[in-house]
Every structure is written in C-alpha cells, then in structure tokens.
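Here's the structure, in structure tokens; my notes come after.
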Amino acid sequence: MVTFHVRSAPRAAPPLHTAAPPLRPPVRRPPPRCHNTLRSCSGIVPVAPCGAAADNPCMTKHTIHEMLTGQVPVDTSVTVEGWVRTRRDSKGGFSFIQVHDGSCFDTIQVVAPGELENYQSQVLHLTTGCAIRAVGKLVKSQGKGQTCEVQADRIELVGGVDDPDTYPVSAKRHTFEYLREVAHLRPRTNTFGAIARVRHALSMAVHRFFDEHGFVWVHTPIITASDCEGAGEMFRVSTLDAVNPPRTPEGNIDYTQDFFGKEARLTVSGQLNGECYAQALSRIYTFGPTFRAENSNTSRHLAEFWMIEPEIAFADLHDDADLAEDFLKSIFRDLLQRRGDDMKFFADRIDKDCITRLEKFIDASFERMTYTQAIEILEKAAAGGHKFEFPVRWGIDLQSEHERYLTEQHVGRPVVVTDYPKDIKAFYMRLNDDGKTVAAMDVLAPGIGEIIGGAQREERLDVLDQRLDEMGLVKDDYNWYRDLRRYGTTPHAGFGLGFERTIIYATGMANIRDVIPFPRTPGNAEF
RNA sequence: UCCCCUGUAGCUCAAUUGGUAGAGCGGGCGGCUGUUAACCGCCAGGUUGCUGGUUCGAGUCCAGCCGGGGGAGCCA
C-alpha cells in the first residue's frame, strides 16, 4: 500500500481538508523509456523517467500537485511546466522561481542556479506570467517554507511576457472588480485558480451524488420554442434579418420564416422537459446553462448561469426535501475532502467562516416548518420588538430579511419551509387539500437565505387545468406537459439549485460574477 | 429599473477651503552567501473616465454621458 506524504509546509491543510487522493498510482517501477508515440512529451528536452500508466502515455510529466503530495519520490528527475508567479534572486547568485500549473493551490519552488546557460539572458528576466519548462530533480528543500523543490538543470522560456510593465495580472493584490476587466488572465491568480478547481470539484460531486443514487443526467434543450416556461424574461433566438425581418400582412414579424418556424428562445429552466424523463426513468437531473434576460444588476444574478434540477417520480414533497438535504450535505462533504487546499485559502483570505459553515451544514439536521408556522414565528418576533422592513402577514412572499431571521436567529440551522400560499407560487405546484397552499419548498441556509426552491408537481390533470385557467395561461400551449398527466401520471417532485450561488455559499465569495469563468450580465458579454 | 457611493501612474491608493499631481507595489538598471508578497539604492512612468460649463486658476465645484461598486425589486 502506498503512503501519501502531506506536505508539512505552513500551508498544509488539517486532516479533514487534505488534498484530493491521487488520480492514479504513484511510480513503482520506472520503465527505462517513455514510449510516447502520440506526441513529444516535452520537445527536445529529456523528460523524467516515464512512470506513467501505459494507457496514459502523455502523463509522463508530473504535475505540481503530484510533486507536492509525495507521489513523486525525492531525487526523481522531473519536468515542471507552468507559469511564473514570482522570481526572487538570492544573494548567492541564483534565483527562486515560484511556478503554478493549476493542479493544486500551491506553487512549487524551482531553484535556478547561476550556472544555467541562459541564467543572465533569460532567467534573470523572468517575470510574473512567463510560461516556462524547468527540467531537473525533485529534492528536499534546503530552505524553510517548503519540504521539496525542483533543482533545475535547465529552464526553457516557453512563452515570455511582451511588456512586463503592463502585464495586467501582477503577483500583488488586485481588486476583483479590476480582475473582471481582465477575465482572460484572471484564472492565473490564486483566487480564480481556486475558484476553478472548487467549481470543478462541486460539479463532479453533483454528478457523483446523482450517479450513485440512480439518477440519469438528462440533457434538456438550451433552445426552446415553448413560451410556457414562465420563470422570467427570455432571450430570443432567431436567424431572421434583424434590420428588415419578414412581415405578416398585419405588419408583425413573420416567425414562420424563422429557423424553427416559430419564435424560439433560450431556456430559463429544464424542469418541464425534465418531468417528461422523470415519468419514464424515475430519477433524473439536469445540469446545464440557463438564461434569464432580466435586467437584474446584483451580486447574486447572472444572465447566463448553471442550474441543477433533479426530478423524482413516485415521490412527494417530503421525499423532495430529504433529497435536497442529502444532496447538499453530500456535495459539500465532497468539496471539503477533495479541495482542502483551496478551501483553506478561502478561509484564510476570503471568508474565515467558510469551512466551519460547511462543517456545521453537513452535521446539522434540517429543520422543517410550514410557511404558516414560519409566519407565526415572524409575527411573534415582530411583536417581541424585532424590526422588519417589510411587515409580516400571511400571504406575503418571504423577504430575504425574513428568511435570514428564520434560519439564522430562530433556528440556527438550515430550514426547509413548505406549503406556501398558492397565489405567490407557480402553476405547476401541487395544490394542497386546504385549497389555499401548494406543496412548494424553499431550503434556507444561514448566511445566504434561499439556496434551493422546489415543489411537488401537480399530477392531477383537472387540478392543473384549473390552475392554468386561474393564472390566465393558455392550456393549448401546455399540451405536451398536460399529456404527462393523461398517460401514467405519478406524484412527482423536484427542485432547482443555482450552481453559482452554491459556490458563493461554499467559498464566501461576495459576487456571483467571480465564481463563473466569463460572467454575462446586463451590458456585459466581454470575452 | 429605482436609491446611494465611486472613477487620479500597469495595480492599490493619497493630494487641506479651488492654487506646482504624490506614495507603496509592479517594471527597468545596479547591489546583496538559500530566498519566502525577499531586501537595499537609482530611474522611468499621468490629456486625473468622456464632453461641456463656472473661475484669473478645476483632480477638487456644476450638468450630461460612460464604466465600476453597494442596497432594493425580480429570482436561481
């Protein structure tokens, strides 16, 4: 069995938050040669003895993560390929280069001796952002602050920085607002590298959870011609001439000549399509981009964001709430286990409570209460002197101040609020026997408020039709959706989770524009 | 969309009541016996977001526009 050495450097994470387990077994018997026939491992430079699995011939180079976590034995010849974060010149006539390659949070220190042939001409001119390849040996560090480092025999400048004076991303602190203007370069910073890895880890955790629980990932369409999704303003998709579109005799735009023969838009939710597959495969989920053309300009809204929407058949609202609880705890547990290095950074520099918040979240059982009970609690609080900007009475939608009071002050744990008044919820939510409320639920969490919104769906055709009528919606527009209620209908439920909001919650990042690689917001679609 | 704040060197920020635009970091050059956001010295770097106005004089005051931030609404 292999032992993994966790670095004892200052940045080493506590046991719960150790780095991800190795992707593949460490080197055991170094074969004499690298049989890489797909492409050159590293051009003309000799590379490390190829210890990679035979089915992975291009992985003969080691990542910084592998070197720092003891998967590469000391005294192994190694090749580091990455980007320079800083260069420090020693009094002794040699230099230290901190290199990152994205494989983990930490950089590795490359020691460049003054005897290198290009030391004066290139090494001493390396600046932040330069791409380099360092060939040498992984050795125990003579200095403090790191256990191992790369003693370089050769350093190649793979890609230089045109004008170091104006390179937009220095090694020093930048504001997030500034980095948004250089979104093509910001992944090279500590924070955005960490965000990218956390985002990936959470994505994989989502798929892992659903896969292990028998859910099928359904790729619901991005483009939709049904105007009945009803969750917000939509972007139009068209190939018509925008300046001189074809017109009907009445003067309206003639969409029958458009690409799809009718008006088409970008989806605002995969739920209605997801229900179709849930009524055949029992447990499904969607995970993909979603588009809302709302003119919302806040730290919690994007025009393009990713949403996760599970849907389960033969299930009621309680099953839905149980699923939400198990799901959230599972992905946060996964995140802490697999990205301890990045999470430690967020705890150190962004939000000191982010790790303990997740640990508490994982350990707590979610409180359950009905909307009516929630209103009673809030009314008591108001009577007891608690000031709410928006007055509380049965029938209102809960404001974020109300949600925060419930989860942060009244319960101190995540809360699932169920059974909201039907007038403030969507047509597809199942009408309760009281005739006044629907089987909707919101999961509220301390520090963020609503993190999940879901519902048991209305499976009875007559009741669904009645709700459509009440809301002034045209039944014919929903015929395929109504068919589900005519052919083998079942009680079913689901919820929606905004992926970026989940990342915000996990990391403590303040602005949603900083947890997606290239944010799209009103007035901004750069990059 | 509404309310409030804000825009000065590559970056982060100063600039008194309207009176000669500065510092730190970054960059260049030179020092310095293993450094940790290294350190020390010197140098370069600006149409103060844009347009107009008030004034002897505007980074500073006024108007409009553009960008950024915070809050609200909408929501995920």
Side-chain angles (χ1 to χ4, degrees), chain A residues 9-11 85-98 106-114 124-129 139-146 149 151 161-182 185 189-190 230-233 268-271 289-309 349 389-390 397-401 403 424-426 442-443 448-454 495-505 510-516 521-524 526:
Chain A
R11 275 176 182 161
R85 187 149 282 147
T86 60
R87 186 197 85 240
R88 294 182 297 275
D89 301 323
S90 155
K91 295 172 246 188
F94 54 98
S95 299
F96 300 97
I97 307 163
Q98 295 298 143
D106 285 325
T107 54
I108 197 163
Q109 175 162 286
V110 173
V111 183
L124 280 180
H125 300 280
L126 290 175
T127 54
T128 307
V139 297
K140 276 189 178 156
S141 179
Q142 295 174 36
K144 291 169 185 167
Q146 60 280 319
E149 64 193 16
Q151 184 70 37
V161 168
D162 266 1
D163 180 5
D165 193 36
T166 56
Y167 180 64
V169 182
S170 78
K172 300 298 176 181
R173 196 162 188 79
H174 291 293
T175 60
F176 291 139
E177 292 80 18
Y178 167 70
L179 288 170
R180 266 171 233 152
E181 296 170 9
V182 289
L185 297 170
T189 63
N190 277 335
E233 291 296 310
V268 293
S269 166
Q271 180 200 316
T290 308
F291 308 88
R292 305 259 168 108
E294 307 284 353
N295 190 13
S296 338
N297 213 316
T298 81
S299 57
R300 283 187 291 283
H301 287 85
L302 290 167
E304 176 183 281
F305 63 99
W306 286 59
M307 189 155 62
I308 297 151
E309 296 174 291
R349 295 298 192 86
E389 189 187 338
F390 293 89
D397 206 355
L398 296 182
Q399 300 293 318
S400 57
E401 58 169 343
E403 296 177 340
I424 59 173
K425 290 294 182 182
D442 282 352
V443 179
I448 192 171
E450 182 185 337
I451 188 168
I452 276 181
F495 62 78
L497 173 70
F499 188 52
E500 286 76 17
R501 289 186 181 178
T502 310
I503 301 173
I504 285 177
Y505 181 72
N511 197 309
I512 200 165
R513 294 162 198 182
D514 298 327
V515 299
I516 190 167
T521 53
N524 187 356
E526 286 301 303

Whole angstrom is fine here: how far is it from [atom1] in [X] over to [atom2] in [N]?
X: E304(A); N: rC75(B); atom1: CD; atom2: C1'; answer: 17 Å
X: R300(A); N: rG73(B); atom1: CZ; atom2: C1'; answer: 12 Å
X: L179(A); N: rG69(B); atom1: CG; atom2: P; answer: 12 Å
X: D89(A); N: rU33(B); atom1: CG; atom2: C1'; answer: 14 Å
X: Q271(A); N: rC75(B); atom1: CD; atom2: P; answer: 15 Å
X: Q399(A); N: rG71(B); atom1: CD; atom2: C1'; answer: 13 Å
X: E181(A); N: rG68(B); atom1: CD; atom2: P; answer: 8 Å
X: F390(A); N: rA72(B); atom1: CZ; atom2: C1'; answer: 7 Å

Partner nucleotide of rC61(B) by Watson-Crick or wobble geometry (both distances under 3.5 Å): rG53(B)

Answer for the Watson-Crick or wobble partner of rU36(B), both distances under 3.5 Å, is none

Could you tell me how far [M] sits from [N] if I compare only their [atom1] atoms? Round to whole Å.
N: rA37(B); M: rG26(B); atom1: C1'; answer: 12 Å
N: rC39(B); M: rC25(B); atom1: P; answer: 7 Å
N: rU8(B); M: rU60(B); atom1: P; answer: 13 Å

Would you give the length of the straight line joining atom CG of L126(A) to atom CD of Q98(A), rounded to the nearest 0.5 angstrom? 13.0 Å

Report the distance from atom OG of S95(A) to atom CD of Q109(A), rounding to the nearest 0.5 Å. 10.5 Å

Quick check on RNA chain B: between T166(A) and K144(A), whose nearest nucleotide comes earlier from the 5' end? T166(A)

Indicate yes or no for a side-chain donor-acceptor contact from E149(A) to the backbone of V139(A) under 3.5 Å, with no hydrogens or angles considered. no

Is there a donor and acceptor pair, one atom on the side chain of [X] and one on the base of [N], closer than 3.5 Å?
X: Q146(A); N: rU35(B); value: yes
X: H301(A); N: rC75(B); value: yes
X: E149(A); N: rG34(B); value: yes

Please list, for nucleotides 22-30 of chain B, all pairs of protein and nucleotide N/O atoms separated by less than 3.5 Å.
from: rG26(B); atom 1: N2; to: D165(A); atom 2: OD1; distance (Å): 2.5

